[in-house]
Amino acid sequence: IAGDVKINQDPLPGPLPEISTQPFFMDVTLTPDETVNLSFNEDSPALVYVYQGGTDEIDAHNLGIYRSGDTLSLKAGVLGAELLVLSGKPIKEPVVQYGPFVMNTEEEVLQAINDYKQGRFIS
């Protein structure tokens, strides 16, 4: 869906241009007992959410958190697996969220809300 990946060493470019956070988002379907090796963002951790079936490490409706590394290897269980893989370079900055507003501090969020209410949010 987004980001560049190697699937079992075969490159597959994603539709996003290269940006600093290197976002990666992939919807993966595996047949029973199938193994896939994904290489992407080797310096970034990955989240794997299994929404159907399971892997040898994660059951359906659970999230796995993987540390950074060269390759993420996933093996489907006996029912196969449907899962989402998400990754990105950590920004290592504080994050404050309120509704649709995401900023670095609570003060910035309050300013964004005020700007929105005053019609100054979009120029």
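What's counted below: heavy atoms across the whole structure, side chains too, no hydrogens, waters or symmetry copies.
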Exercise. Under 6.0 Å from the CD atom of Glu108, do we count more than 12 heavy atoms belonging to anything else shown?
Worked result: yes
Exercise. Which residues pass the side chain to side chain contact (heavy atoms under 4.5 Å, CB included) test with Asp27, sequence neighbours left out?
Worked result: Ile1, Tyr51, Leu84
Exercise. If we only count heavy atoms from C-beta on, is the Arg120 to Asn114 side-chain gap below 4.5 Å?
Worked result: yes
Exercise. Where is the tightest heavy-atom contact between Pro32 and Val78, given as atom of each residue plus distance?
Worked result: CB-O, 3.3 Å
Exercise. Taking all non-hydrogen atoms of both residues, which atom of Met103 and which atom of Ala112 are closest, and how far apart?
Worked result: CE-CB, 3.9 Å
For this session: Starting at CG of Leu83, measure out to CG of Leu63 and round the result to the nearest 0.5 Å.
Result: 11.0 Å
Exercise. To the nearest 0.5 Å, what is the distance between CZ (Phe24) and CG (Leu72)?
Worked result: 8.5 Å
Exercise. Do Tyr49 and Leu79 sit in the same hydrophobic cluster, where Ile, Leu, Val, Met, Phe, Trp and Tyr count as joined when their side-chain heavy atoms come under 4.5 Å apart?
Worked result: no
Problem set entry | Gap between atom NE2 of His61 and atom CD of Gln52 - 0.5 Å precision | 6.5 Å
Problem set entry | From Leu74 atom CG to Glu57 atom CD, the distance as rounded to the nearest 0.5 Å | 7.5 Å
Exercise. Of the options Thr55, Asn37, Val36, Thr35, which is the one that meets Lys75 in a side-chain contact (heavy atoms from CB on, under 4.5 Å)?
Worked result: Thr35
Exercise. Ignoring hydrogens and geometry, is there a side-chain-to-backbone donor-acceptor pair from Glu107 to Val109 under 3.5 Å?
Worked result: no
For this session: Please check if Phe101 and Val96 belong to a single hydrophobic cluster, counting links between Ile, Leu, Val, Met, Phe, Trp and Tyr side chain heavy atoms closer than 4.5 Å.
Result: yes
Exercise. Do Ile113 and Val95 belong together in a cluster built from hydrophobic side chains that touch within less than 4.5 Å?
Worked result: no
Exercise. Met26 and side-chain contact (heavy atoms from CB on, under 4.5 Å): which partner among Ile7, Val48, Leu86?
Worked result: Ile7
Exercise. In terms of hydrophobic clustering (I, L, V, M, F, W, Y; side-chain heavy atoms under 4.5 Å; direct or indirect links), are Tyr116 and Tyr98 co-clustered?
Worked result: yes
For this session: Grab the two heavy atoms, one from Asn104 and one from Pro94, that are nearest each other, plus how far apart they are.
Result: ND2-O, 2.9 Å
Problem set entry | For Glu34, all residues meeting side-chain hydrogen bond (donor to acceptor under 3.5 Å, both in side chains), sequence neighbours excluded | Thr31
Exercise. Rounded to the nearest 0.5 Å, how far apart are CD of Gln9 and CG of Leu38?
Worked result: 10.5 Å
